[in-house]
Protein chains: 2
Amino acid sequence: MQAFKELLDNSSLKATHQRIAILNELAKKGHASIDEIYESIKQSFPSISLATIYKNIASLKEKNIVSEVCNHQKTKFEITKEPHAHLICTKCGAIEDIEFKNSINKEIEKDYPNSKKELSIYSLCSKCI
Amino acid sequence: MQAFKELLDNSSLKATHQRIAILNELAKKGHASIDEIYESIKQSFPSISLATIYKNIASLKEKNIVSEVCNHQKTKFEITKEPHAHLICTKCGAIEDIEFKNSINKEIEKDYPNSKKELSIYSLCSKCI
DNA sequence: TTCTGTGCAAATCTTTTGCATGGCA
DNA sequence: TGCCATGCAAAAGATTTGCACAGAA
(Lines give C-alpha, C1' and ligand atoms only; values in the text may rest on other atoms or scores of the structure.)
Protein backbone atom coordinates (compact mmCIF):
# COMPACT_ATOMS: atom_id res chain seq x y z
CA MET A 1 0.00 0.00 0.00
CA GLN A 2 2.08 2.84 -1.37
CA ALA A 3 -0.16 5.47 0.23
CA PHE A 4 0.81 4.38 3.72
CA LYS A 5 4.50 4.61 2.91
CA GLU A 6 4.06 8.22 1.86
CA LEU A 7 2.00 8.98 4.91
CA LEU A 8 4.82 7.67 7.09
CA ASP A 9 7.54 9.42 5.08
CA ASN A 10 5.73 12.72 5.47
CA SER A 11 5.60 12.23 9.22
CA SER A 12 9.25 11.27 9.49
CA LEU A 13 8.39 7.82 10.70
CA LYS A 14 10.24 5.00 8.99
CA ALA A 15 8.08 2.83 6.80
CA THR A 16 8.71 -0.49 8.48
CA HIS A 17 6.88 -3.71 7.68
CA GLN A 18 5.35 -3.60 11.11
CA ARG A 19 3.88 -0.12 10.69
CA ILE A 20 2.55 -0.88 7.26
CA ALA A 21 0.98 -4.05 8.63
CA ILE A 22 -0.71 -2.13 11.44
CA LEU A 23 -2.11 0.44 9.05
CA ASN A 24 -3.29 -2.27 6.65
CA GLU A 25 -5.00 -4.01 9.50
CA LEU A 26 -6.80 -0.83 10.56
CA ALA A 27 -7.74 -0.09 6.98
CA LYS A 28 -9.17 -3.57 6.63
CA LYS A 29 -11.10 -3.71 9.90
CA GLY A 30 -11.98 -0.03 10.18
CA HIS A 31 -11.64 -0.16 13.96
CA ALA A 32 -9.51 -2.50 16.01
CA SER A 33 -8.09 -2.84 19.50
CA ILE A 34 -4.43 -3.38 20.32
CA ASP A 35 -4.77 -7.09 20.69
CA GLU A 36 -7.06 -7.54 17.72
CA ILE A 37 -4.31 -5.91 15.68
CA TYR A 38 -1.67 -8.08 17.33
CA GLU A 39 -3.51 -11.38 16.94
CA SER A 40 -4.30 -10.68 13.34
CA ILE A 41 -0.85 -9.53 12.24
CA LYS A 42 0.79 -12.42 14.06
CA GLN A 43 -0.81 -14.80 11.56
CA SER A 44 1.22 -13.52 8.65
CA PHE A 45 4.08 -12.04 10.67
CA PRO A 46 4.73 -14.34 13.64
CA SER A 47 7.78 -12.50 14.96
CA ILE A 48 5.94 -9.25 15.63
CA SER A 49 5.85 -8.27 19.26
CA LEU A 50 3.04 -6.78 21.31
CA ALA A 51 5.39 -4.05 22.50
CA THR A 52 5.90 -3.03 18.89
CA ILE A 53 2.16 -2.61 18.44
CA TYR A 54 1.94 -0.46 21.56
CA LYS A 55 4.92 1.66 20.58
CA ASN A 56 3.68 2.16 17.06
CA ILE A 57 0.13 2.97 18.00
CA ALA A 58 1.60 5.59 20.33
CA SER A 59 3.75 7.19 17.64
CA LEU A 60 1.02 6.97 15.00
CA LYS A 61 -1.37 8.69 17.39
CA GLU A 62 1.20 11.37 18.09
CA LYS A 63 1.51 12.07 14.37
CA ASN A 64 -2.27 12.03 14.11
CA ILE A 65 -2.19 9.18 11.62
CA VAL A 66 -4.39 7.06 13.83
CA SER A 67 -7.05 8.11 16.34
CA GLU A 68 -8.40 6.51 19.44
CA VAL A 69 -12.08 5.64 19.63
CA CYS A 70 -13.67 5.19 23.00
CA ASN A 71 -16.57 2.79 23.28
CA HIS A 72 -16.60 2.03 27.03
CA GLN A 73 -15.22 -1.40 26.29
CA LYS A 74 -11.84 -2.19 24.83
CA THR A 75 -10.33 0.97 23.36
CA LYS A 76 -10.14 0.81 19.59
CA PHE A 77 -8.18 2.68 16.97
CA GLU A 78 -8.87 3.87 13.45
CA ILE A 79 -6.96 5.60 10.69
CA THR A 80 -7.53 9.33 11.05
CA LYS A 81 -9.86 10.64 8.38
CA GLU A 82 -12.49 13.28 7.72
CA PRO A 83 -14.43 14.28 10.84
CA HIS A 84 -17.25 11.82 11.41
CA ALA A 85 -19.40 10.47 14.19
CA HIS A 86 -19.51 6.94 15.55
CA LEU A 87 -22.40 4.59 15.83
CA ILE A 88 -21.70 2.08 18.56
CA CYS A 89 -23.91 -0.96 18.40
CA THR A 90 -25.60 -1.74 21.69
CA LYS A 91 -26.10 -5.33 20.58
CA CYS A 92 -22.87 -6.51 18.97
CA GLY A 93 -20.49 -3.74 20.00
CA ALA A 94 -19.41 -2.93 16.44
CA ILE A 95 -18.33 0.60 15.64
CA GLU A 96 -19.53 2.21 12.42
CA ASP A 97 -18.48 5.54 10.99
CA ILE A 98 -21.44 7.78 10.32
CA GLU A 99 -21.86 11.31 9.05
CA PHE A 100 -21.18 14.19 11.37
CA LYS A 101 -23.86 16.53 10.10
CA ASN A 102 -22.71 19.95 9.12
CA SER A 103 -25.71 21.53 10.80
CA ILE A 104 -24.58 20.04 14.10
CA ASN A 105 -21.01 21.08 13.56
CA LYS A 106 -22.09 24.65 12.90
CA GLU A 107 -24.27 24.73 15.96
CA ILE A 108 -21.32 23.70 18.14
CA GLU A 109 -18.89 26.04 16.40
CA LYS A 110 -21.04 28.98 17.48
CA ASP A 111 -20.07 28.37 21.07
CA TYR A 112 -16.78 26.52 20.66
CA PRO A 113 -15.05 27.68 17.50
CA ASN A 114 -12.25 25.51 16.10
CA SER A 115 -12.86 22.77 18.59
CA LYS A 116 -12.39 19.06 18.06
CA LYS A 117 -15.68 17.24 18.55
CA GLU A 118 -16.48 13.64 19.31
CA LEU A 119 -19.98 12.33 18.90
CA SER A 120 -20.97 8.76 19.67
CA ILE A 121 -24.43 7.41 19.21
CA TYR A 122 -25.39 4.18 20.93
CA SER A 123 -27.95 2.32 18.89
CA LEU A 124 -28.22 -0.73 16.63
CA CYS A 125 -25.72 -1.05 13.79
CA SER A 126 -26.74 -1.80 10.22
CA LYS A 127 -26.25 -5.54 10.75
CA CYS A 128 -28.22 -5.82 13.98
CA ILE A 129 -31.12 -3.61 13.00
CA MET B 1 -26.55 12.98 52.26
CA GLN B 2 -29.97 11.45 52.61
CA ALA B 3 -30.62 11.58 48.87
CA PHE B 4 -27.85 9.08 48.18
CA LYS B 5 -29.23 6.63 50.69
CA GLU B 6 -32.58 6.65 48.92
CA LEU B 7 -30.90 6.30 45.56
CA LEU B 8 -29.12 3.20 46.81
CA ASP B 9 -32.21 1.78 48.52
CA ASN B 10 -34.15 2.09 45.30
CA SER B 11 -31.48 0.16 43.46
CA SER B 12 -31.27 -2.58 46.06
CA LEU B 13 -27.71 -1.69 46.90
CA LYS B 14 -26.93 -1.40 50.58
CA ALA B 15 -26.18 2.09 51.74
CA THR B 16 -22.72 1.47 53.16
CA HIS B 17 -20.39 4.19 54.38
CA GLN B 18 -18.07 3.38 51.50
CA ARG B 19 -20.72 3.85 48.83
CA ILE B 20 -21.97 7.06 50.35
CA ALA B 21 -18.41 8.32 50.52
CA ILE B 22 -17.84 7.52 46.84
CA LEU B 23 -21.01 9.31 45.82
CA ASN B 24 -20.14 12.30 48.00
CA GLU B 25 -16.75 12.46 46.44
CA LEU B 26 -18.19 12.41 42.92
CA ALA B 27 -20.77 15.01 43.89
CA LYS B 28 -18.03 17.22 45.25
CA LYS B 29 -15.55 16.87 42.40
CA GLY B 30 -18.03 16.46 39.56
CA HIS B 31 -15.70 14.05 37.76
CA ALA B 32 -13.06 11.82 39.29
CA SER B 33 -10.95 8.80 38.42
CA ILE B 34 -10.76 5.61 40.48
CA ASP B 35 -7.61 6.63 42.24
CA GLU B 36 -8.62 10.22 42.76
CA ILE B 37 -11.65 8.83 44.57
CA TYR B 38 -9.49 6.41 46.51
CA GLU B 39 -6.83 8.91 47.56
CA SER B 40 -9.41 11.41 48.64
CA ILE B 41 -11.63 9.07 50.63
CA LYS B 42 -8.62 7.50 52.32
CA GLN B 43 -8.02 10.79 54.12
CA SER B 44 -11.18 10.56 56.17
CA PHE B 45 -11.63 6.80 55.89
CA PRO B 46 -8.17 5.18 56.04
CA SER B 47 -9.37 1.58 56.05
CA ILE B 48 -11.10 1.79 52.69
CA SER B 49 -9.62 -0.50 50.07
CA LEU B 50 -8.97 0.13 46.39
CA ALA B 51 -10.82 -3.08 45.55
CA THR B 52 -13.90 -1.67 47.23
CA ILE B 53 -13.78 1.39 45.00
CA TYR B 54 -13.50 -0.80 41.91
CA LYS B 55 -16.30 -3.10 42.99
CA ASN B 56 -18.58 -0.24 43.89
CA ILE B 57 -17.95 1.77 40.78
CA ALA B 58 -18.83 -1.38 38.85
CA SER B 59 -22.10 -1.91 40.68
CA LEU B 60 -23.02 1.77 40.61
CA LYS B 61 -22.44 1.83 36.86
CA GLU B 62 -24.55 -1.26 36.46
CA LYS B 63 -27.43 0.44 38.27
CA ASN B 64 -26.82 3.54 36.20
CA ILE B 65 -26.16 5.64 39.27
CA VAL B 66 -22.76 6.64 37.98
CA SER B 67 -21.52 6.99 34.39
CA GLU B 68 -18.15 6.68 32.82
CA VAL B 69 -16.68 9.66 31.00
CA CYS B 70 -14.01 9.06 28.44
CA ASN B 71 -11.40 11.75 27.95
CA HIS B 72 -8.55 9.83 26.30
CA GLN B 73 -6.60 10.05 29.53
CA LYS B 74 -7.52 8.50 32.82
CA THR B 75 -11.14 7.35 32.73
CA LYS B 76 -13.33 9.39 35.02
CA PHE B 77 -16.74 8.90 36.54
CA GLU B 78 -19.66 11.16 37.36
CA ILE B 79 -23.03 10.82 39.01
CA THR B 80 -25.58 10.09 36.31
CA LYS B 81 -27.75 13.11 35.63
CA GLU B 82 -29.67 14.90 32.89
CA PRO B 83 -28.20 14.37 29.44
CA HIS B 84 -25.40 16.85 28.85
CA ALA B 85 -22.25 17.26 26.82
CA HIS B 86 -18.67 17.44 28.05
CA LEU B 87 -16.13 20.13 27.53
CA ILE B 88 -12.68 18.64 27.91
CA CYS B 89 -9.99 21.21 28.43
CA THR B 90 -7.08 20.83 26.06
CA LYS B 91 -4.86 22.76 28.43
CA CYS B 92 -5.54 21.48 31.95
CA GLY B 93 -7.54 18.34 31.21
CA ALA B 94 -10.52 19.35 33.34
CA ILE B 95 -13.95 18.07 32.39
CA GLU B 96 -16.90 20.45 32.52
CA ASP B 97 -20.54 19.62 32.00
CA ILE B 98 -22.10 21.77 29.31
CA GLU B 99 -25.51 21.94 27.71
CA PHE B 100 -26.48 19.34 25.15
CA LYS B 101 -28.55 21.58 22.91
CA ASN B 102 -32.00 20.42 22.17
CA SER B 103 -31.62 21.35 18.52
CA ILE B 104 -28.71 18.95 18.23
CA ASN B 105 -30.55 16.24 20.07
CA LYS B 106 -33.52 16.57 17.73
CA GLU B 107 -31.30 16.46 14.67
CA ILE B 108 -29.79 13.17 15.84
CA GLU B 109 -33.12 11.71 16.90
CA LYS B 110 -34.35 12.03 13.32
CA ASP B 111 -31.90 9.33 12.27
CA TYR B 112 -31.35 7.47 15.54
CA PRO B 113 -34.48 7.68 17.65
CA ASN B 114 -34.19 6.87 21.35
CA SER B 115 -30.45 6.58 21.21
CA LYS B 116 -27.99 7.45 23.92
CA LYS B 117 -25.62 10.16 22.73
CA GLU B 118 -22.22 11.24 23.91
CA LEU B 119 -20.76 14.53 22.80
CA SER B 120 -17.32 15.75 23.85
CA ILE B 121 -15.87 19.04 22.81
CA TYR B 122 -12.14 19.61 23.16
CA SER B 123 -11.43 23.25 23.83
CA LEU B 124 -10.39 25.52 26.69
CA CYS B 125 -12.33 25.30 29.94
CA SER B 126 -13.70 28.34 31.72
CA LYS B 127 -10.59 28.61 33.89
CA CYS B 128 -8.04 28.35 31.09
CA ILE B 129 -9.78 30.61 28.61
C1' DT C 1 -30.12 -13.52 61.60
C1' DT C 2 -29.23 -13.25 56.88
C1' DC C 3 -26.89 -11.94 53.08
C1' DT C 4 -24.52 -8.45 50.81
C1' DG C 5 -20.36 -5.72 51.13
C1' DT C 6 -15.60 -4.99 52.78
C1' DG C 7 -10.65 -5.51 53.08
C1' DC C 8 -6.70 -8.03 52.27
C1' DA C 9 -3.59 -10.54 49.45
C1' DA C 10 -2.85 -12.94 45.46
C1' DA C 11 -3.73 -13.57 40.72
C1' DT C 12 -4.45 -11.52 36.19
C1' DC C 13 -4.31 -8.32 32.74
C1' DT C 14 -2.50 -4.33 30.40
C1' DT C 15 0.98 -1.21 29.33
C1' DT C 16 5.69 0.54 29.61
C1' DT C 17 10.66 0.26 29.72
C1' DG C 18 15.65 -0.97 28.89
C1' DC C 19 18.67 -2.84 26.03
C1' DA C 20 21.00 -5.47 22.42
C1' DT C 21 20.22 -6.29 17.69
C1' DG C 22 18.20 -5.42 13.08
C1' DG C 23 16.95 -2.74 9.07
C1' DC C 24 15.33 1.56 6.59
C1' DA C 25 17.07 5.78 4.41
C1' DT D 1 26.85 4.26 7.87
C1' DG D 2 23.80 6.35 11.21
C1' DC D 3 19.70 6.19 13.59
C1' DC D 4 15.44 4.83 14.46
C1' DA D 5 12.62 0.66 15.19
C1' DT D 6 12.10 -4.07 16.73
C1' DG D 7 11.76 -7.92 19.89
C1' DC D 8 12.50 -9.82 24.12
C1' DA D 9 12.11 -10.04 28.94
C1' DA D 10 11.38 -7.74 32.97
C1' DA D 11 9.08 -4.06 35.45
C1' DA D 12 5.33 -1.33 36.50
C1' DG D 13 0.46 -0.34 36.65
C1' DA D 14 -4.36 -1.36 36.58
C1' DT D 15 -8.08 -4.40 37.52
C1' DT D 16 -10.17 -8.68 39.24
C1' DT D 17 -10.82 -12.50 42.29
C1' DG D 18 -11.36 -15.56 46.49
C1' DC D 19 -12.23 -15.77 50.96
C1' DA D 20 -12.97 -14.80 55.88
C1' DC D 21 -15.04 -11.35 58.49
C1' DA D 22 -18.05 -7.21 59.29
C1' DG D 23 -22.13 -4.64 59.12
C1' DA D 24 -26.74 -3.05 56.89
C1' DA D 25 -31.51 -4.47 56.81
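Everything numeric here is computed off the predicted structure, so don't read it as measured data. Proteins come first, then strands; the chains are lettered A, B, ... in the order of their sequence lines, and each starts at number 1.
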Nearest atoms (heavy-atom pairs only) where Ser67(A) meets Thr80(A):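 Scanning both residues, the minimum pair turns out to be OG-OG1, 2.7 Å.
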[options]: which one has an atom nearest the side-chain heavy atoms of [X]?
{"X": "Lys55(A)", "options": "dT16(C), dG18(C), dG5(C)", "answer": "dG18(C)"}
{"X": "Lys14(B)", "options": "dC24(C), dT14(C), dG5(C)", "answer": "dG5(C)"}
{"X": "Ser47(A)", "options": "dA25(D), dG7(D), dT16(D)", "answer": "dG7(D)"}
{"X": "Phe45(A)", "options": "dA25(C), dG7(D), dT6(D)", "answer": "dG7(D)"}

Intermediate values then yes/no, side-chain hydrogen bond (donor to acceptor under 3.5 Å, both in side chains), Ser40(B) and Glu25(B): CA-CA 8 Å; Ser40(B) 173; Glu25(B) 189 56 30; 2.9 Å; yes
Rounded to the Å, how far apart are [X] [atom1] and [N] [atom2]?
{"X": "Arg19(B)", "N": "dT4(C)", "atom1": "CZ", "atom2": "P", "result": "11 Å"}
{"X": "Ile41(B)", "N": "dT6(C)", "atom1": "CD1", "atom2": "C1'", "result": "13 Å"}
{"X": "Ile48(B)", "N": "dG23(D)", "atom1": "CD1", "atom2": "C1'", "result": "14 Å"}
{"X": "Ile20(A)", "N": "dA25(C)", "atom1": "CD1", "atom2": "C1'", "result": "14 Å"}
{"X": "Leu13(A)", "N": "dC24(C)", "atom1": "CG", "atom2": "C1'", "result": "13 Å"}
{"X": "His17(B)", "N": "dG23(D)", "atom1": "NE2", "atom2": "C1'", "result": "9 Å"}
{"X": "Gln18(B)", "N": "dA22(D)", "atom1": "CD", "atom2": "C1'", "result": "10 Å"}
{"X": "Tyr54(A)", "N": "dG13(D)", "atom1": "OH", "atom2": "P", "result": "15 Å"}

So for atom [atom1], which belongs to [X], do other residues, nucleotides or ligands contribute more than 12 heavy atoms lying within a distance under 6.0 Å?
{"X": "His17(A)", "atom1": "NE2", "value": "no"}
{"X": "Lys91(A)", "atom1": "NZ", "value": "no"}
{"X": "Glu68(B)", "atom1": "CD", "value": "yes"}

Aromatic plane relationship, His31(A) with His86(A) - under 30° parallel, 30 to 60° tilted, over 60° perpendicular: perpendicular
Respond yes when some side-chain nitrogen or oxygen of [X] is under 4.0 Å from OP1 or OP2 of [N], and no when none is.
{"X": "Ser49(A)", "N": "dT6(D)", "answer": "no"}
{"X": "Lys5(B)", "N": "dA25(D)", "answer": "yes"}
{"X": "Thr16(B)", "N": "dT6(C)", "answer": "yes"}
{"X": "Asn56(B)", "N": "dT6(C)", "answer": "yes"}

Distance-only side-chain donor-acceptor flag, Asn105(B) / Lys117(B), under 3.5 Å: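 Result is yes, a qualifying pair exists.
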Between Ser126(B) and Glu96(B), a side-chain donor and acceptor under 3.5 Å: yes
Touch class at under 4.0 angstrom, heavy-atom based, for Ile34(B) against every strand present: nothing
Sugar-phosphate, base or nothing in reach of Ser59(A), heavy atoms under 4.0 Å: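 The residue Ser59(A) makes no contact with any strand.
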First encountered from the 5' end of DNA chain D, between Thr52(A) and Lys74(B): Thr52(A)
Along DNA chain D (nearest heavy atom to each residue), the more 5'-positioned of Ala58(B) and Asp9(B): Ala58(B)
Position toward the 5' end of DNA chain C (nearest nucleotide), Leu50(A) or Pro46(B):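 Whichever sits nearer the 5' end wins; that is Pro46(B).
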Angle by which the axis turns from one end of the helix from dT1(C)-dA25(D) to dA25(C)-dT1(D) to the other, five pairs per end, to 10 degrees: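 Roughly 50° between the end axes, to the nearest 10°.
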